[in-house]
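For reference, the structure discussed in these notes is given below.
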Protein chains: 2
Amino acid sequence: MAGSTTPALVAAVSAAGAFGSLGAGYLEPQAILEQVGQVRATTDRPFGINLFVLPDEFSPDMTAVARARELLDALMEREGLEVRTALPARWAPRFSEQLAALREARPAAASFTFDLLTTEQVLELKRLDIMVIGNATSVAEARAWAERGADAVCVQGAEAGGHRGTFMHAPEEAMIGLFALIPLVARAVDIPVIAAGGIMDGRGILAAEVLGAAASQLGTAFLSCPEASAAPAWKRDLPNVEAHRVASIRSFSGRAARGLRNHYVVVMEAAADELPPYPILNALTAPLRRAAAQAGRGDLLSEWCGQAAAMTRPLPAGELVALLMDEYDSAARNAG
Amino acid sequence: MAGSTTPALVAAVSAAGAFGSLGAGYLEPQAILEQVGQVRATTDRPFGINLFVLPDEFSPDMTAVARARELLDALMEREGLEVRTALPARWAPRFSEQLAALREARPAAASFTFDLLTTEQVLELKRLDIMVIGNATSVAEARAWAERGADAVCVQGAEAGGHRGTFMHAPEEAMIGLFALIPLVARAVDIPVIAAGGIMDGRGILAAEVLGAAASQLGTAFLSCPEASAAPAWKRDLPNVEAHRVASIRSFSGRAARGLRNHYVVVMEAAADELPPYPILNALTAPLRRAAAQAGRGDLLSEWCGQAAAMTRPLPAGELVALLMDEYDSAARNAG
């Protein structure tokens, strides 16, 4: 997940024989190149980069921005956090510049969420031998990526933690569980299907394969690894997460994302409809989230996670990859 | 699913070597006994009965009832259906009498949804050698059934069609996908876990087993069998159902249920909050649903289905069971 992956995590996963992916959606172009350099200083194994497909510029409704700032400042004051919102220099990194950095970095694969690339962008990456993976949350979205020429499609089940990649439907329309989504997409497109959402162990990887997936993508499962940069307060809370408290949340970033329905989420619920969209709100809440992390206040953090978060295991990433492979082999022997 | 199962369907499924279950939630006690007699006239294989756990009596808010009748009558007039709502003799069959009929019928297993049985009710069924299966949509609900003494728990994933069995949470809180729900419940309770929701073929049955389920329960997969009593208009539409149009719907019965977001659902959405709860609204919409079925108006029917409805196969139930078993064996061979 963007914001929780680190070069150390990506390198450890790839070095252990899986395929690490750097969640670079929040990174400026220079940071993408630096972090890729750090991965390559540790391992020569292949890895991927994930980006959010966004416009380069945003023209937010400044009345909504002012209202959000008021709400957030009042909340921080009430909660005793010594920080206030500010207008950022820019709302998000420029996507065209992130994409240029990605092309320069030439990872083995690049995955994209929030929207489609153009056919020309897909072809340009493929010319550079970068495998293109589109993210989809419905059959229609998977078909759209296949038509754009993607090499594979990653299907994000309703179980998945963090931001929803949905781009053709309202977020609540594309909450399709993996048991339905994998076989529906596998029969609809000719490219390999990668499964994401709720997969926490080797049994999950085998189950996804049985349903028609060529591979699995795990995010939450790596969240409590020492290499992941999730806030310590959040790592500590993960084993106690109850799945029915893991909700679709818009009030942290302005875009639906799955995470724990904590104090912040409950407080902001009443105002959810007046809050500005992604990435505006995401930029505005950044100071609060940073201050909450420093204060060990998990109840005010964006505690992203999939529905099976309680199954995370706080192992070094390389050990976790080895365990996942063992579990997969053992499950396959039992199934046969 | 209650309302779509028939004695012929249950008998065909059990005769083919699976375990048929009669959805008896809407049946008066006498009808339960008659339908059980019809199953037993066809097969001596074991089968189950499912009931909705409800109070015996209801005292609805008659203002909400009047408002719902106005809305429904206006809709039927607009749509040209020659029928109007009426106050039913009773809102639902009396649960205590359904349970007495079930005890008399002595099926091999009885499953219960919408709420818990008392410990005494569970013990009484077990004394009669009736296996008790509780329905759960969260870890907490599964634990509650285990504590009541259930022999097994059926976990209903967010993918599942028809009524949600949720009884400890708001419906939207217990939309947990099977990839998360099976392993979470399997490690939380000591009784066998049965998986339901989005399982449409033998691969799905194996995948659920890999994740920790002892068995799978399929509903939507049997909806287009000739033995199922789903409306012909609905059977015809099933192969074209898009998963992102399969929503959680309260406007047919007063209780969240998964089905197609069709014309009726869209029209009633604005009034959803004023509509009375289950089973009041269910009784009030019955004439409309019957008339819509007779008129071939799928767009006004409760088109219940799971998210993978497009994968239904219109085979005789016995042939479908044989195919599921073949697919399971083939998937297990490939996995091993």
Side-chain angles (χ1 to χ4, degrees), chain A residues 137-141 157-160 166 168-170 172-188 195-212 220 242-248 261 306-311 328 331-336, chain B residues 137-141 157-160 166 168-170 172-188 195-212 220 242-248 261 306-311 328 331-336:
Chain A
T137 62
S138 74
V139 173
E141 291 177 351
E159 298 91 340
T166 308
M168 289 175 68
H169 321 279
E172 64 276 12
E173 281 178 356
M175 285 293 187
I176 305 171
L178 268 190
F179 257 86
L181 191 58
I182 296 171
L184 287 171
V185 170
R187 68 181 200 159
I199 302 174
M200 301 298 292
D201 57 21
R203 298 174 305 174
I205 298 171
L206 179 65
E209 191 178 296
V210 165
L211 288 168
T220 305
E242 295 170 302
H244 66 268
R245 291 191 59 222
V246 178
S248 173
R261 193 167 172 279
Q307 290 180 324
M311 293 169 69
Y328 173 91
R333 275 194 306 276
N334 288 334
Chain B
T137 63
S138 73
V139 173
E141 290 176 352
E159 298 91 338
T166 308
M168 291 175 67
H169 320 280
E172 64 278 11
E173 281 179 357
M175 285 293 186
I176 305 171
L178 268 189
F179 256 85
L181 191 57
I182 296 171
L184 287 170
V185 170
R187 67 180 200 162
I199 302 174
M200 302 299 291
D201 58 22
R203 297 174 306 174
I205 298 171
L206 179 65
E209 193 178 295
V210 166
L211 288 168
T220 305
E242 294 169 302
H244 65 268
R245 292 192 57 221
V246 177
S248 173
R261 193 167 173 276
Q307 290 180 325
M311 292 169 68
Y328 172 91
R333 274 195 306 276
N334 288 335

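Here is the naming used below: chain letters follow the sequence lines, and residue numbers restart at 1 for every chain.
Looking at A/A208, both its backbone and its side chain come within 4.5 Å of chain B, counting heavy atoms on both sides. Contacts between B/A247 and chain A at a heavy-atom distance below 4.5 Å are absent for every atom of the residue. The parts of A/Q307 that come within reach of chain B are both its backbone and its side chain, each placing non-hydrogen atoms under 4.5 angstrom from that chain. Neither the backbone nor the side chain of A/M200 comes within less than 4.5 Å of any heavy atom in chain B. There is no contact between B/A195 and chain A, counting heavy-atom distances below 4.5 Å. Proximity to chain B (any heavy atom under 4.5 Å) is shown, for A/A243, by both the backbone and the side chain. Contact annotation for B/A310: both backbone and side-chain heavy atoms come within less than 4.5 Å of a heavy atom of chain A.
To the nearest 0.5 Å, atoms CG (B/L181) and CZ (A/F179) are separated by 10.5 Å. Taking CG of B/L206 as the start and CG of A/L206 as the end, the distance is 7.0 Å to the nearest 0.5 Å.
The backbone N or O of B/E141 sits less than 3.5 Å from a side-chain atom of B/S138, completing a donor-acceptor pair. Checking side-chain atoms of B/R245 against main-chain N and O of B/R261 turns up a donor-acceptor pair under 3.5 Å. The backbone N or O of B/A308 lies less than 3.5 Å from no partner atom in the side chain of B/E159, so there is not a single donor-acceptor pair.
Interface check for chain B: of the options A/M175, A/E242, A/R187, A/E172, the most heavy-atom pairs under 4.5 Å are formed by A/R187. For the set A/G198, A/A335, A/A140, A/G212, the count of heavy-atom pairs under 4.5 angstrom toward chain B peaks at A/A335. Chain A forms more heavy-atom pairs under 4.5 Å with one residue of B/A174, B/G204, B/A158 than with any other, namely B/G204.
Contacts of B/H244 classified as side-chain hydrogen bond (donor to acceptor under 3.5 Å, both in side chains), with partners at least two apart in sequence or in another chain: none.
Side-chain contact between B/T137 and B/I176 is absent, with no heavy atoms from C-beta onward closer than 4.5 Å.
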